[in-house]
Amino acid sequence: MKVLVAEDDSLIQKTVELKLKKEGFEVICCNDGKEALEKIEEHMPDIVLTDMMMPYASGLEIVAKVKSITSKKIPVIVFSTMGQENIVEEAFALGADDYVTKPFSLTELTIRIKRQLKR
Amino acid sequence: MSPKETFLGFITAERLYAVSIVFGCVTALIVLMIYTYLYQKKRRFFTKQKIAAKLDEWIGEALLDEEGGHTYVTSDLQEELQLHVNRQFAIDQLISTRKNLTGRAATNISRLYEQLDLRDDSLWKFHNKRWDRKAKGIYELYMMNQLDMREEIAAYTNSRNEHIRAEAQTALITFSGFEGLSFLDELAYPLTDWQQLKILEQLKALTPQDIPGIIRWIRSVNEYVVLFALRLAEIYYQLQVHDDVVHCLDHPSDRIRHQAIITLARLANLSTSGILMQHYPAETQANKRTILQQIFKIGGDEELAFLDAELNNPDDLLKLESARAIARNCSNGFDVLAARAQMQPEPYLAIYNHVKYELKR
Amino acid sequence: MIYEIALDLLTYGIFAYSSVLLLSYLAIGIFSIGETQKYMRANDITDYRLLVSSPHDPSVSILAPAYNEGATIIENVRSLLSLYYNHLEVIIINDGSKDDSLQKLIDAYDLEKIDFFVRYQIKTKEVRGVYKSRNPVYKKLVVVDKVNGGKADALNVGINISSHDVIMCIDVDCILEQDSLMKMIKPFMDETDMKVIATGGVVRIANSCEIKDGRLIKVNLPRNYFARMQSLEYIRAFLLGRMAWARLNGLLLISGAFGAFSKDIAIKAGGYDHNTVGEDMELVVRMRRYMEEQNVKYKVAYIPDPLCWTEAPESKKILGRQRNRWTRGTIETLKFHKVMFFNPKYGLLGMVSYPYWFFFEMLAPLIEFFGMIAFLLMVCLQVIDWRIFVALLVFTITFGYMYSAFAALMEVVTFNQYRRRTDMMKLLLTALTEPFYFHPFGVWSAIKGYIDLIRKKKSWGEMTRQGFGPAATATAPVKKS
């Protein structure tokens, strides 16, 4: 299973990557919105995790982009900061499937990913 | 010698050239400094890149460690960590992770911090005389949950330097939650909006509860403390200070009255609208607007007469706010506005349409 | 006899003037160091991201007037919408553009005309319509269509439409850094007994930089001579000059391309004045004057962080027009507020800032110009002491070089944007030509400004834009109507 992770903080990205690899996922990492938009097209992951605040493209654009892909149904989980409910709302309006508020637990994240992929 | 001759004698070509040469040398020196600085900066950048990738990988692995025992530090990593700049990088990364992850990874963060002796760096900063270092030291210590430093840091919550003060205050909140707010009792300095925001963010993670000190703070002589207490009352629904909030509606400060209006609306009971309408005539334009905005949230049919009268207010902004409140709260609100619009299209038709669009979306 | 006295006065006068000017440059240099250092240290321990996740952030409206910006408007609006900030409204004011700017926006952002009650708190030209997007992704965007009235009028319309507390006035084709809002708004949250009425920021030159989709990807030193000289000029002005003035709380000028204001005070002061071509400076001066007259302690803050990038004129003609306009704007502003000149009622503003601006910014080109004429006269009359003259010239030029080098050093040790050593060296080499070409050109444009003002020319002049295409080259500028 391919997971695309779009997160500009290098250590968070690394930790999530390591955890997901341990769980048996193939992980594609992106450092900013621009890279994410390109790599989604290129790799067609099975699920996308994206931060809402990144350089070059907002998380909302990424959600919109993923949901515009008709050839494959890709669930999207967004990372948001506590208190940014309105941004999460907007993400859901665009079709996001789940969200995780920072600070989050890696175990919880993994469970949510697996749940989304089961569908 | 006349002043003119003394003056002209002073300015000689030789002297001018001498000073020009000095200028020239200083310029050359500065150019050299620029060149060297950029070179060093580039070198530092590449060294940092190298270590960053390495550290991220290592820290990442360490954070995922299930056993929670002593993590093995490779000898070459230990060597890298001898450099101050690398240790600072490690601290910054750990702090950033602390903001983003909870659970097992989070507990491992503090363990790593202590194990790698990064705590010593923070302590050095904390004990340093320079204000920015001290403040940064405090910041690192509370982000890394070094609870044993609580007492020492508490001494600085009333410090003269605003940055040290702010960090110390935030530290206490991080360590002790709502109890950490006790510094408000003694605070002799302002509490800026920024600092209030920081404190509120720290408190966000905690379960709301009754805040015992709030009764003292809302009556404080320090206006900033009063303002903050009102904010706390609003956010944490502190009904116990309801009467004090009403009292604040008469406070000389515009800002305090502004917040009091908002807080009162939050703690609303049946008498609230009446109280707000009572204070309305004497208020500033800005606060009148606030009152109308709060009535929008909590009002009902009883306010119709008052709001209808306010539709005549010369200030267009207040007309609009009244219209909003009427439309939302009064049972035949839209009819009232439509009738107005018919009678006097300028400006009520535009107001009616605007409110219709806003509320019926 | 009279002739001798006149000559003496001229010499002493010019000498006194130059000495004060030189000393003020030194003072500016020194003051700016301390102030910048303070900011950088405080910056290090500030987590601006808190402003984005908190519901307690001040509400901000970005006001961007647009006139015939069709070439780049879609990208620019998109980059504005992705700025990191919570309570944000982006208001684009279409100032009666003759091109298809409005239609482009409507199409790209799925806009519909809505019912909006416009409160004319400040008198403006008529608003033709207010537009919002049907798409929730773009809910922060508001587009206002109005009858053409000029930049000041457009900004006033923005102020009237805005429902937030802080307004940020920018040029729509400016590129803003993602955290620029957070940094510009923080001073408003830091205020204690002194009310912060405005914050100014640093504008850097974007020419020859790589820009894609309205975002800055790579910083390059401008290739064009004029743009490059302006780069240095901006560094001197923004990093040294304004920083020092901010320290004294005497800052008179906030760039029209990038500034944040308390909406409330802006309205109380009367909004932008459309009778001047220097409306950005005029508003700041008027807001300050208002606060002085109200006897309320206030402050104009300033952020030395480079957060805004703009395209600078590359042709002599357009640059000349710009400097012409700036001169006229300065004269008009100082004229409107001449009551403050050395008036103690206005505190530092009246006793230091205004006089300084009057003598060393407004009169400077005139004094230089007449100095040149006097010099030529003296040559003809053969009263010139060539030795002293040449020595003075060398003295002034080396001082200028030293000051520019110092500015470059400040740039490098603070918010360094030109990281390559070759870039910096190129910049400094180009600076060698300044006293011989760029500076006299500036003085000449300023003189033309005086002449034009006397002839009462009130227009902005046509400003052709080149557009932020991919790595904009010096060829094919996009012509606008």
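Every chain is numbered from 1, with letters handed out A, B, ... down the list of sequences.
Ile397(C) does not touch chain B: none of its heavy atoms, backbone or side chain, sits under 4.5 Å away. Contact of Lys198(B) with chain C is made through backbone and side chain together, with heavy-atom distances under 4.5 Å. In this structure, the portion of Glu167(B) lying under 4.5 Å from any heavy atom of chain C is its side chain and not its backbone. Leu29(B) does not touch chain C: none of its heavy atoms, backbone or side chain, sits under 4.5 Å away. Heavy atoms of Leu349(B) lying under 4.5 Å from chain C are absent altogether. Heavy-atom distances place the side chain of Lys41(B), and not its backbone, under 4.5 Å from chain C. Both the backbone and the side chain of Val413(C) come within less than 4.5 Å of a heavy atom of chain B. Contact of Phe389(C) with chain B is not made at all, since no heavy-atom distance falls under 4.5 Å. Looking at Thr46(C), the atoms closer than 4.5 Å to chain B (heavy atoms on both sides) all sit in the side chain, from C-beta outward.
Between chain B and the options Tyr401(C), Tyr418(C), Phe399(C), Tyr120(C), the largest number of non-hydrogen pairs under 4.5 Å is found for Phe399(C). The choice from Val26(B), Ile235(B), Ile351(B), Val355(B) that makes the most heavy-atom pairs within less than 4.5 Å of chain C is Ile351(B). Chain C forms the most heavy-atom pairs under 4.5 Å with one residue out of Ile21(B), Leu320(B), Leu191(B), and that residue is Leu320(B). Counting heavy-atom pairs under 4.5 Å between each of Phe188(C), Phe117(C), Phe116(C) and chain B puts Phe117(C) at the top. Chosen from Lys38(C), Met402(C), Arg420(C), Met424(C), the residue pairing most often with chain B at heavy-atom distances under 4.5 Å is Met402(C). Note: Arg421(C) leads His56(C), Arg421(C), Met425(C), Arg119(C) in heavy-atom pairs under 4.5 Å with chain B. The candidate from Ala408(C), Ala42(C), Ser163(C) with the greatest count of non-hydrogen atom pairs under 4.5 Å with chain B is Ala42(C). In terms of non-hydrogen atom pairs under 4.5 Å with chain C, the most contact-rich of Arg130(B), Gln196(B), Glu14(B) is Arg130(B).
The side-chain contact (heavy atoms from CB on, under 4.5 Å) test with Thr414(C) is passed by exactly one of Leu409(C), Ile33(C), Leu239(C): Leu239(C).
Taking the ring centre of Tyr48(C) as origin, the terminal cationic atom of Lys183(C) falls inside the region bounded by 6.0 Å and 45° from the ring axis. The cationic atom of Arg324(B) (NZ for Lys, CZ for Arg) does not lie both less than 6.0 Å from the six-membered ring centre of Phe296(B) and within 45° of the ring axis.
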request  = Evaluate side-chain contact (heavy atoms from CB on, under 4.5 Å) for Asp165(C) paired with Asp264(C), printing each intermediate quantity in order.
outcome  = CA-CA 7 Å; Asp165(C) 297 328; Asp264(C) 183 44; over 6 Å; no
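Side-chain contact between Ile95(B) and Met144(B) is present, with at least one heavy-atom pair separated by less than 4.5 Å. Between Gln202(B) and Thr170(B) there is a side-chain heavy-atom pair separated by less than 4.5 Å.
The closest donor-acceptor contact from the side chain of Asn128(B) to the backbone of Lys134(B) lies at 3.5 Å or more, if one exists at all. Although no hydrogens or angles enter the test, the distance criterion places no donor-acceptor pair under 3.5 Å between the side chain of Asp423(C) and the main chain of Arg419(C).
Remark: aromatic rings of Tyr189(B) and Tyr224(B) are distant, center separation not under 6.0 Å.
With rounding to the nearest 0.5 angstrom, the CZ atom of Phe415(C) is 8.5 Å from the CD1 atom of Ile303(C).
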